[in-house]
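This is a predicted model, so every value here is computed, not measured. These numbers come from the heavy atoms of this one structure, side chains and all, not from hydrogens, waters or symmetry mates. The sequence lines fix the lettering, A, B, ..., with proteins before strands; numbering per chain opens at 1.
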Amino acid sequence: MEFTYETVAFFIFALTTLGSGIMVVTDENLFHASLYLLFSLFGVSGLFVLLVAPFLAAVQVLVYMGAIGILIIFAIMLTRGMMKMDQVYNSQRVAAAVVAVLLFIALAVTLTPIVDELEFGEDLNAELAEDPVADVTYETVNELGKVITDRNGFVLPFEVASLLLTAAMIGAIVVAREDEA
Amino acid sequence: MTELLTDAGLSKDFATFLTHLITAGAVATVFLLVPIFTIWLERKVSARMQDRLGPNRVGPYGLLQTIADVLKLMTKEAITPANADKVVFFIAPILMVMSVVLIVAVIPYGENFAPTDLSIGVLYVIAISSLGTIAILMAGWGSNNKYALLGAFRVMAQLVSYEVPMVLALLVPVMLAGTMRMNGIIEAQDSIWFIFVVPVSALIFFVSATAEVGRQPFDLLEAESEIVAGFNIEYGGMQFAMLYLGEWLHAVLICVITAILFLGGWDGPGAKDALLTLPIIDLELPVLGIFYLAAKSFLIYFLHMWVRFTVPRLRIDHLMGFNWKFLVPVGVFNLLVVAFAWKIMPEPDSSSLGDELPRALVVLASNVLFVMLIFFVIRDYARRERAKVEALVDETVYAAASAGD
Amino acid sequence: MELNEWAFIGAFFMLSWIFPAAPVIINKLIAPNRPTPIKRETYECGVETVGDTWVQFKVQYYLLALVFLVFDVEMVLLFPWAVAYNELGMFAFLAGGVFILLLLEGLVYAWRKGALEWT
Amino acid sequence: MVPLYMYLLVAAALFCIGVFGVLSRRNAIAILMGIELMLNAVNINLVAFWRYLKPDEINGQVFAAFVFVVAAAEAAVGLALIISVYRNRNTVEAEDINLLKW
């Protein structure tokens with residue numbers, strides 16, 4: 001990996017994402033944790049930009065930081081979640097950490113070219129270390145719009161997404177409303 | 001300018017990067033100085049509308065008043081409350097200004113003269129503005145003050161609600177232009193401005209943008225008489241000035257965005273050819289384009305001011321009702337109506353006025369019909385409500401009369 | 001990869017926090033700093049602060065944010081539709097129309113259920 | 001260029017952080033935040049695979065867009081449930097929500 005502006009940007013975004021991600025699960029103050037969550041998701045949107053998916057990057061900021069983040073913060077305020085923060089973790093804390101670390105090691109070995117060092121006979125992950133097979137433009141939104149309204153494409157998932165959101169909204173309103181609770 | 005730096009012996013990438021930095025600094029500085037003028041302007045205009053004189057002591061016509069205010073705020077002690085969440089309290093005003101300044105990056109001034117022309121330009125603007133709501137929430141929470149938190153929550157409710165009709169209205173120009181690029185939208189208005197094609201969207205955008213920047217009559221965020229001052233109650237000195245600056249800059253920028261989306265942005269007679277070549281850095285400045293954009297933005301800004309000093313403040317339940325029960329349904333149906341009218345007419349052969357006109361007229365007609373329909377529905381509803389009230393009044397009057405007998 | 005328009009956004013991000021941070025820091029440097037306990041108290045119009053900042057919030061706020069979230073996500077999905085609309089046929093109008101009407105159905109439900117009332 | 005496996009590593013790490021959060025936190029809202037992290041890790045993978053292996057088809061981005069929809073629906077309903085439980089049982093601790101336990 002050579003030193004370019006792209007690699008520098010990648011490491012900045014990756015560190016932002018992971019560092020804030022760790023703070024999300026360790027910070028005692030739930031409000032701070034939610035702010036770290038937003039910061040972490042912002043890093044993810046930076047990664048999307050590097051992956052030439054600017055539309056998704058904007059959606060990430062708009063949906064996660066603008067909507068889901070606000071929803072989470074409202075819920076924290078409503079439940080006064082940070083009032084009882086004398087115990088952040090439950091009894092599975094150590095086991096959970098072990099599981100997470102082991103899972104990461106397993107994924108790291110199988111996802112990187114390290115696995116090819118183990119001589120399984122064929123190079124399994126060689127293509128993961130190569131450059132993209134083709135260049136893409138930043139003008140993918142147009143194509144996205146064509147695909148989601150294409151009869152042979154994703155038009156059904158597109159409508160189902162709308163249905164799912166409507167159902168979620170109705171369900172959440174029923175659950176959260178005060179008089180029927 | 002990049003060439004100049006590469007000639008000086010820098011690598012191409014580094015030169016580009018340096019150019020980016022300098023451009024960013026330049027446009028941001030220019031825009032950050034604009035509120036100094038508009039604050040003076042607004043005070044002066046409000047004074048004239050209310051039959052007062054306005055600032056007239058510092059400098060000619062009081063022009064330096066804002067600068068004096070800034071200097072005063074600069075020397076004020078910045079008090080951080082003892083109970084405050086200090087880091088969040090400190091970051092909030094900075095994030096507030098950031099969320100607004102970053103919008104400047106996609107504003108075009110000429111055909112080939114924009115800081116950057118992102119393929120998702122319009123969406124970028126909305127996404128960045130949504131960071132501002134987080135900043136307000138952080139300010140309210142960080143202050144650790146009941147009023148600040150309540151104010152922040154009310155602001156959030158308002159900003160979040162009015163973002164919906166704003167984006168719905170904004171989808172229409174994107175649909176007509178077939179792109180989210182700022183310059184693409186402006187070029188699509190080459191022959192006819194979108195405000196003459198889809199006036200309903202323009203109006204919805206104007207109203208919801210007023211609410212989005214929290215100007216009267218939607219200024220519940222700082223309803224002094226109701227929640228002291230809202231989320232910025234604990235702020236003082238330059239930190240308060242930054243919250244204030246963010247708000248004012250947002251007000252200016254939303255006018256620029258409106259001008260770009262509906263009034264053709266920098267486009268105008270001769271705008272493409274009136275270039276002023278700057279020496280040394282070899283930059284072709286589209287003077288006429290900048291002038292057109294500024295003039296159009298100012299026109300909208302003046303409309304904002306006019307509304308501001310004429311209409312009284314809304315109550316919060318009316319505010320929310322107006323949004324969710326009127327603007328959002330209207331915005332949704334407007335999108336459908338425009339989409340349909342736009343589709344039934346064939347694609348014009350060229351983008352000249354004569355070829356574009358039939359389709360534009362059909363869309364305009366659909367808009368007019370739609371408005372008439374809305375008026376009918378509202379009239380019907382109002383009559384029913386009125387009948388109800390009258391029946392109620394009659395009942396009570398008769399009851400009182402019979403009790404009197 | 002060539003540096004492009006997004007590098008400009010990156011540069012802007014690096015710069016943009018300096019503009020607000022510089023005045024705030026200058027303010028901290030040049031302004032007098034004499035904190036007193038009274039001055040640093042929470043400001044509630046001079047009345048002493050009673051109790052916790054966490055006053056009970058209405059669930060109304062959550063419902064509003066919820067309706068907003070749903071609309072936000074749907075509008076985001078409508079952006080690609082709107083961009084590609086000129087190149088698509090009548091079927092795209094139907095697809096978008098059904099999508100929007102389903103969304104509107106949710107709004108009508110929320111309206112009837114009183115989730116949009118502000119009491 | 002940054003090789004693909006770097007993106008996959010970041011996504012894997014983010015996913016594991018999310019797993020840790022889900023398994024170890026007491027507060028139900030914190031658990032939901034862990035789930036959001038995991039969903040984002042999935043999204044990074046989808047977009048990275050699209051960019052590096054199948055750039056001529058747009059499917060990876062479409063999938064990621066639908067993950068947004070699912071994440072939004074999940075957050076909305078999940079948080080509504082937490083608020084409802086809080087109102088009825090006055091707790092948001094996952095361990096105290098044991099009505100269905102036996």
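Looking at D:Phe20, both its backbone and its side chain come within 4.5 Å of chain A, counting heavy atoms on both sides. Only the side chain of D:Val19 comes within contact range of chain A, with at least one heavy atom under 4.5 Å from a heavy atom of that chain. Residue contact with chain A, scored on non-hydrogen atoms closer than 4.5 Å, is absent for D:Leu46. Contact of D:Asn43 with chain A is made through backbone and side chain together, with heavy-atom distances under 4.5 Å. If you measure heavy-atom distances from D:Ala11 to chain A, you find no contacts under 4.5 Å at all.
Between D:Trp50 and A:Leu56, the closest side-chain pair of non-hydrogen atoms is not below 4.5 Å. Between A:Leu50 and D:Val2, the closest side-chain pair of non-hydrogen atoms is not below 4.5 Å. At a threshold of 4.5 Å between non-hydrogen side-chain atoms, the residues D:Leu14 and A:Phe104 do not count as touching. Side-chain contact check for A:Ile72 versus D:Ile29: some heavy-atom pair is nearer than 4.5 Å. Using a 4.5 Å cut-off on side-chain heavy atoms (C-beta onward), A:Val24 and D:Ile17 make no contact. Under the 4.5 Å side-chain criterion, counting only non-hydrogen atoms from C-beta, A:Phe48 is not in contact with D:Arg51.
In this structure, D:Arg25 contributes its side chain and A:Val25 its backbone to a donor-acceptor pair below 3.5 Å. Using a distance-only test at 3.5 Å, with no hydrogens or angles considered, a donor-acceptor pair links the side chain of D:Arg87 to the main chain of A:Ala176.
Ring planes of D:Tyr7 and A:Phe10: perpendicular class, angle over 60° (limits at 30 and 60°).
The closest side-chain donor-acceptor pair between A:Gln60 and D:Asn40 falls under 3.5 angstrom.
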